[in-house]
Number of protein chains: 2
Amino acid sequence: MSTIPTPAAELPTPSFSPLYQQIKSLILQSLHAGEWKPGEPIPSEIDLAARFRVSQGTVRKAIDELAAENLVVRRQGKGTFVATHAEQHVQYRFLKLVPDTGDVDTEGPAERQIVDCRRQRATADVARLLALRTGDAVLQVRRVLSYRGTPTILEDLWLPGAPFKGLTAERLAEWHGPMYAMFETEFGVRMVRAEEKIRAVLPDESQAALLGVTTATPLLSVERVAHTYHDTPMELRRGLYRTDTHHYRNELG
Amino acid sequence: MSTIPTPAAELPTPSFSPLYQQIKSLILQSLHAGEWKPGEPIPSEIDLAARFRVSQGTVRKAIDELAAENLVVRRQGKGTFVATHAEQHVQYRFLKLVPDTGDVDTEGPAERQIVDCRRQRATADVARLLALRTGDAVLQVRRVLSYRGTPTILEDLWLPGAPFKGLTAERLAEWHGPMYAMFETEFGVRMVRAEEKIRAVLPDESQAALLGVTTATPLLSVERVAHTYHDTPMELRRGLYRTDTHHYRNELG
DNA sequence: AAGTGGTCTAGACCACAAC
DNA sequence: TTGTGGTCTAGACCACTTG
């Protein structure tokens, strides 16, 4: 109801911090610092308990939360592993567009075509969403994804220049597999969370041409901001999805 | 990659069921049976532990999962309560359309207008989605939701006839508050999960007229199937959302 | 057989809310 | 003061994976 919400009212100062939360923060720091790389195992619960001088149960609860946030993956008998976008069964975790018939696996991966890739200066709105300053260097990419030969997704991406220094159209074209997996492997940037704003729009001439539709074809506009650790925004993506053969699927809990 | 996925490969027969899962099932049964009503407290962990002859920790883990699935709500010092759609801070949990500026609270609740409400026989597609048989009795409702005087959402609802016997346009119009809260209070049906399929579409003449837009205005088509306990589908909802002043907001973990 | 995560227990103590 | 959920511990045992 308040027009100017006071954070203090929502977060009454956590005068208290449970041990397991502190342990979780410490593990998070190590993840962020790259002490263990995506796909690698982190130390066993017993080892971590010894390192932090707490009981195994406390470490356990910390890891439980990290697993719930998809930052690590537990595997009984083997260990706990740093989550990665490269794994087969969680690939394209952030892509919610699925074919109307059959499933993602039968359709297979999309054919990708880089339309454009250039270094630019951030406009005001892009800078705001990426927590940069207007005029800061950004890398802009435009590409088309096709399924079974049909152009289905037109995406514009903006990446902050500094963390992605050295990324070029060539390297993008060479890479096979999820783009987020490349970000991990090549640039040490792991996306952990994203939020999307979805609208229905009509494409302009150039967008329609790239997707092979008319300007009277309604499309899904999906604006995504993806974050790495500590909620740092690291990618802005504006997609146009054709929804005649696919749909955006969402689960509500 | 397999064209005919074998469930057995994914679920290798849970030859084993942890105690806390069994306890969870028992609590779930009581929730479903209405032993404790929405908004009411369930017995304390100690009481439940005594009832089921297990330790408090085991009950705790069972309740933890129920809380993670939004079936119950824990409140320190007070108890654990059956979740409800009637609570202020989780109202309209399943409605992801939010205003572009300001927030849901400043905008306030929508003005509602029932356009139509009739008993019918289920068509094949409606029957399939509601796990009924073609021709079974269903209640169909059409309504318009307006924000600040602007028609924004046009919704068609289908409800299975049997569980919602006695529901009429009058009772719908009289009710103030979330529709799902009415389902709980008046019909003992609690929606716990839903899935949505989203597309971009153009409205037909009658839809456009009800929303006050032209037939060239792209709209979000949102088809939702809401489920009660045990994944029983209990509502089909097809919505058309205007996205010129609002957008569909989604979080990706 | 050894090491990992997963379950279950019992008990102590803390934070919060209500009386 | 009492009762609730929340934290932390220590130990035993189970299930799964690897060698």
Side-chain angles (χ1 to χ4, degrees), chain A residues 8-27 30-31 36 39-83 87 89, chain B residues 8-27 31 36 39-83 87-89:
Chain A
E10 305 295 334
L11 306 165
T13 309
S15 56
F16 183 45
S17 180
L19 236 193
Y20 77 88
Q21 285 286 2
Q22 303 175 36
I23 304 301
K24 182 183 168 188
S25 285
L26 291 171
I27 297 175
S30 293
L31 285 170
W36 318 297
E40 291 180 3
I42 70 174
S44 75
E45 296 177 353
I46 291 174
D47 287 353
L48 288 171
R51 181 206 288 205
F52 298 127
R53 311 294 197 82
V54 299
S55 77
Q56 183 182 356
T58 301
V59 168
R60 190 164 185 73
K61 181 142 187 176
I63 294 180
D64 277 346
E65 291 207 350
L66 293 172
E69 294 166 21
N70 295 309
L71 296 176
V72 300
V73 176
R74 321 192 75 144
R75 288 192 210 137
Q76 183 171 118
K78 299 174 80 171
T80 301
F81 300 76
V82 182
E87 281 173 56
H89 276 275
Chain B
E10 305 294 335
L11 304 165
T13 310
S15 57
F16 183 47
S17 180
L19 237 194
Y20 77 88
Q21 285 288 3
Q22 303 176 36
I23 304 301
K24 182 184 169 188
S25 284
L26 291 171
I27 298 175
L31 284 170
W36 318 296
E40 291 179 3
I42 71 174
S44 75
E45 295 178 353
I46 291 174
D47 288 353
L48 289 171
R51 182 206 287 205
F52 298 128
R53 309 294 197 82
V54 298
S55 78
Q56 184 182 356
T58 300
V59 169
R60 190 163 187 73
K61 181 142 188 175
I63 295 180
D64 277 346
E65 292 207 351
L66 294 171
E69 295 167 22
N70 294 309
L71 295 176
V72 299
V73 175
R74 319 191 74 141
R75 288 191 209 136
Q76 181 171 114
K78 300 173 81 170
T80 300
F81 299 77
V82 183
E87 281 173 54
Q88 205 63 29
H89 277 273

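Side chains included, hydrogens not; waters and symmetry mates left out as well; all remaining heavy atoms used. We name chains A, B, ... by the order of the sequence lines, and we start the count at 1 in each one.
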Quiz item: What do the steps show when you test V72(A) against L31(A) for side chain to side chain contact (heavy atoms under 4.5 Å, CB included), and what is the final call?
Solution: CA-CA 9 Å; V72(A) 300; L31(A) 285 170; 4.2 Å; yes
Practice problem: Return no unless some side-chain N or O of S44(A) is found under 4.0 Å from OP1 or OP2 of dT4(C). | Solution: yes
Practice problem: Report the distance from atom CZ of R75(B) to atom P of dC16(C), rounded to the nearest whole Å. | Solution: 16 Å
Exercise. Enter the distance from R53(B):CZ to T58(B):OG1 here, rounded to the nearest 0.5 Å.
Key: 14.5 Å
Quiz item: Under 4.0 Å: is that the gap between some side-chain N or O of K61(A) and OP1 or OP2 of dT7(D)?
Solution: yes
Exercise. Could you grab the distance from atom CD1 of I23(A) to atom CZ of R60(A), nearest 0.5 Å is fine?
Key: 15.0 Å
Exercise. Starting at atom CZ of R74(B), determine the distance to atom P of dA17(C), rounded to an integer number of angstrom.
Key: 15 Å
Quiz item: Should T80(A) be listed as having a side-chain N or O under 4.0 Å from OP1 or OP2 of dG5(C)?
Solution: yes
Quiz item: Under 4.0 Å between a side-chain N or O of K78(B) and OP1 or OP2 of dA18(C)?
Solution: yes
Quiz prompt | Upstream residue (5' side of DNA chain D) when L19(A) and D47(B) are each assigned their closest nucleotide | solution = D47(B)
Quiz item: With nearest nucleotides of DNA chain D determined for D64(B) and V59(A) from heavy-atom distances, which residue corresponds to the more 5′ nucleotide?
Solution: D64(B)
Quiz item: Base, sugar-phosphate, or nothing: which does R60(B) touch, judged by heavy atoms less than 4.0 Å apart?
Solution: base
Practice problem: Please state whether the phosphate of dT7(D), meaning OP1 or OP2, lies under 4.0 angstrom from any side-chain nitrogen or oxygen of T58(A). | Solution: no
